[in-house]
2 protein chains.
Amino acid sequence: MAKLDESLLAGLPPFSRLSRPQIREILDLAMPRRFEEGTTVFHDGDPAERFFLLLDGIIRVVRTTPDGAQVIPLHIPAGQLFGIAPAFGRDTYPATAVAAAEIVALSWPSHCWGGFVSRYDGFATETWKTIGERMGELHARIADLATKAVEQRVASALLHLANQSGTRVGNAIEIGFPITRAEVAEMTGTTLHTVSRLLSAWEKDGIVSSARKQITVTEPHRLFLLSGAS
Amino acid sequence: MAKLDESLLAGLPPFSRLSRPQIREILDLAMPRRFEEGTTVFHDGDPAERFFLLLDGIIRVVRTTPDGAQVIPLHIPAGQLFGIAPAFGRDTYPATAVAAAEIVALSWPSHCWGGFVSRYDGFATETWKTIGERMGELHARIADLATKAVEQRVASALLHLANQSGTRVGNAIEIGFPITRAEVAEMTGTTLHTVSRLLSAWEKDGIVSSARKQITVTEPHRLFLLSGAS
DNA sequence: CCGGAACGTTGTCCCGCCGCAAACTGAGGG
DNA sequence: CCCTCAGTTTGCGGCGGGACAACGTTCCGG
């Protein structure tokens, strides 16, 4: 296996304060792997043997409730850690991670976590920051669900996805991974029917343009207005 | 000021692995303070000068959205840390903390955080665990909001509150701090009208009994059934 | 003892959203 | 090339629950 290039990690928050030799150490412990779209990286309840760093693509973290297929997806963009159960002292993953697109990720055995935290300056701090942001995101999501109407929720979910991993095409933003209306519906706590209707209406207005498993926001500004401008 | 007793901290997770002298050190840095019910401990956006440990009572952490009074309360029970913005590298609080009942809390200057983490074994680990649990709670809340009907949401919110800080009276559980229907409504993303109606109906069925700013769950089992048994 | 404010209850109306059902459309496999 | 199926679209009916409003009740200050 070819050696991984140090520049992969150098710019990322958890490693930004580390020296090249330190990054080399870390990389030499890492196992790179590619996952096809739709592949499950790890399952809810699995023993948490490794933790991951997403190099490219998007991960969808879902929580399936026991009684059915209800899920609460959280999307994790490239450059972030995920599956960090060891950080929380858990020996089992609390959720399932699915590749939302083709992804490539590095992983390390869970028992390395403690070493990383104690040995590498800034690793813990930066990880805390990421977790803090993720909690903020969850809070915002709760606020949306609790206070906003369905239309606003869907609008803000689309904007969120677009901002997080969209590729700009002029003024338009194309969401960078395949996503079904059913998934949007799950994220926003509604049904795929309603999402479909909304997208149709918006498409008629020229705010978005959608195809099968794919959504492009052509006029982000107007969508933002619809989202109830928080 | 009388010296604080070491037993206050000895049993709590973040300090459980520490020796008595270490606990003594920590206590000598702490500033104890009592807050009346309804007092704001810190405000969203304030400079995060201190972090807190709740010794007794209940803290309500709220996030007010810019456009109005919408909030997403998270209740923190006695024995937990809160306002730990420094852990996330923030220099400002991301939410407002209000005393839901009369409380007593210890606090330390934010700059102590780093020292606690590096000097005291287990402090960081245990704090991570707490944060992990809190994230799990947020996830569960999102799942509820996204998938359950209003009646189920209210039922599970009441159960949650009862479990978290209820005092048992026979089979009944009385929620241990004053709470208005409006607050329950905010937690569950509905209106006080609906909450009021539900409580009336449940009271007629003998499942709960409520007074002004006070709710007692007399038949937790039946309420659990209503909550959609997750 | 009185007045007012905060909190709670209850009724009525109406709209937005879910459930159900049926048809359409690409994509992929044999 | 056709068959199948996942993904999507659309119509329609019903109702949960939000908006509005009026009244009752408890608490507190003067």
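The model shown is predicted, which means the values in this text are computed figures rather than measured ones. Note on naming: letters A, B, ... go to the chains in the order of the sequence lines (proteins, then strands), and numbering restarts at 1 for each one.
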- Using only heavy-atom distances, determine whether the side chains of Gln214(B) and Thr216(B) contain a donor-acceptor pair under 3.5 Å. yes
- Message: If only side-chain N and O atoms count, and only distance matters, is there a donor-acceptor pair under 3.5 Å linking Thr130(B) with Gln80(B)?
- Response: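 Looking only at side-chain atoms, Thr130(B) and Gln80(B) do not form any donor-acceptor pair under 3.5 Å.
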Dump the pairs, protein N or O against N or O of nucleotides 26-29 of chain D, anything under 3.5 Å, distances to one decimal.
none

- Query: Of all of residues 177-185 of chain A, which get a heavy atom below 4.0 angstrom from DNA chain C, listed by number?
  - Reply: none
- In residues 195-211 of chain B, which ones come under 4.0 Å of DNA chain C, going by heavy atoms? Ser196(B), Arg197(B), Ser200(B)
- Item | OP1 or OP2 of dG18(D) under 4.0 Å from side-chain N/O of Thr191(B) | yes
- Do the side-chain N or O atoms of Thr194(B) get closer than 4.0 angstrom to the phosphate oxygens (OP1, OP2) of dG18(D)?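 Yes, Thr194(B) has a side-chain N/O under 4.0 Å of OP1/OP2 on dG18(D).
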Taking only nitrogen or oxygen atoms into account, show me every contact under 3.5 Å that the protein makes with nucleotides 21-23 of chain C, one pair per line with its distance.
unit_1	atom_1	unit_2	atom_2	d
dA21(C)	N6	His193(A)	ND1	3.4

- Sequence neighbours excluded - side chain to side chain donor-acceptor pair (under 3.5 Å) pairs with any residue from residues 188-201 of chain B: Thr191(B)-Thr194(B)
Which whole-number value in Å describes the distance from [X] [atom1] to [N] [atom2]?
{"X": "Glu37(A)", "N": "dG7(D)", "atom1": "CD", "atom2": "C1'", "result": "13 Å"}
{"X": "Leu145(A)", "N": "dC17(C)", "atom1": "CG", "atom2": "C1'", "result": "15 Å"}
{"X": "Glu151(B)", "N": "dG18(D)", "atom1": "CD", "atom2": "C1'", "result": "17 Å"}
{"X": "Gln214(A)", "N": "dG26(C)", "atom1": "CD", "atom2": "C1'", "result": "14 Å"}
{"X": "Leu192(A)", "N": "dC17(C)", "atom1": "CG", "atom2": "P", "result": "15 Å"}
{"X": "Arg153(A)", "N": "dC18(C)", "atom1": "CZ", "atom2": "C1'", "result": "12 Å"}

- How far does CD of Glu133(A) sit from CE of Met135(A), to the nearest 0.5 angstrom?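 Separation between the atoms: 12.5 Å.
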- Task: Compare the minimum distances between each of dG7(D), dT9(D), dG18(D) and the side chain of Lys213(A), then state the nucleotide with the smallest one.
- Result: dG7(D)
- With sequence neighbours excluded, give me every ring pair (Phe, Tyr, Trp, His ring centres under 6.0 Å) pair touching residues 170-191 of chain A. His75(A)-Phe177(A)
- In degrees rounded to 10°, what angle is found between the helical axes fit to the five outermost pairs at each end of the helix from dC1(C)-dG30(D) to dG30(C)-dC1(D)? 40°
- Task: Report the C-alpha distance between Trp108(A) and Trp113(A) in whole Å, list the side-chain angles of each, state the deciding distance to 0.1 Å, and finish with yes or no for ring-ring contact (aromatic ring centres under 6.0 Å, His included).
- Result: CA-CA 8 Å; Trp108(A) 295 268; Trp113(A) 184 268; 9.3 Å; no
- Task: Using the salt bridge (Lys or Arg N to Asp or Glu O under 4.0 Å) rule, collect all pairs that involve residues 149-174 of chain B, keeping only residues at least two apart or in two chains.
- Result: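 Non-adjacent pairs meeting salt bridge (Lys or Arg N to Asp or Glu O under 4.0 Å): zero.
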- For Ser165(A) and Pro77(A), indicate whether the former's side chain and the latter's backbone hold a donor-acceptor pair under 3.5 Å. no
- If only atom types and distance count, is the side chain of Arg222(B) paired as donor or acceptor with the main-chain N or O of Asp205(B) below 3.5 Å?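 Here the side-chain-to-backbone pair exists.
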- Query: Sequence neighbours excluded, which residues qualify as salt bridge (charged side-chain N to carboxylate O under 4.0 Å, His left out) partners of Arg60(B)?
  - Reply: Glu183(B)
- Task: For the residue pair Thr127(B) and Trp128(A), establish whether any side-chain heavy-atom pair is separated by less than 4.5 Å.
- Result: yes
- Quick one: side-chain contact (heavy atoms from CB on, under 4.5 Å) partners of Ala155(A), sequence neighbours excluded?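 Only Trp202(A), Leu223(A), Leu226(A), Ser227(A) meet the side-chain contact (heavy atoms from CB on, under 4.5 Å) criterion with Ala155(A).
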Pair up each side-chain donor or acceptor in residues 96-105 of chain A with any protein partner under 3.5 Å, not counting sequence neighbours, and list the distances.
unit_1	atom_1	unit_2	atom_2	d
Thr96(A)	OG1	Asp44(A)	N	2.9
Glu102(A)	OE2	Arg34(A)	NH1	2.5

- Message: Between Ile175(B) and Leu158(B), does the side chain to side chain contact (heavy atoms under 4.5 Å, CB included) criterion hold? Intermediate values first, please.
- Response: CA-CA 8 Å; Ile175(B) 292 179; Leu158(B) 289 186; 4.2 Å; yes
Please tabulate, for side-chain N and O atoms in residues 47-55 of chain A, each donor-acceptor pair with protein atoms closer than 3.5 Å (sequence neighbours left out).
unit_1	atom_1	unit_2	atom_2	d
Arg50(A)	NE	Ser107(A)	OG	2.7
Arg50(A)	NH2	Ser107(A)	O	3.2
Arg50(A)	NH2	Ser107(A)	OG	3.4

- Looking only at heavy atoms, the pair that brings Ala211(B) and Arg181(B) closest together is O-NH2, 2.7 Å
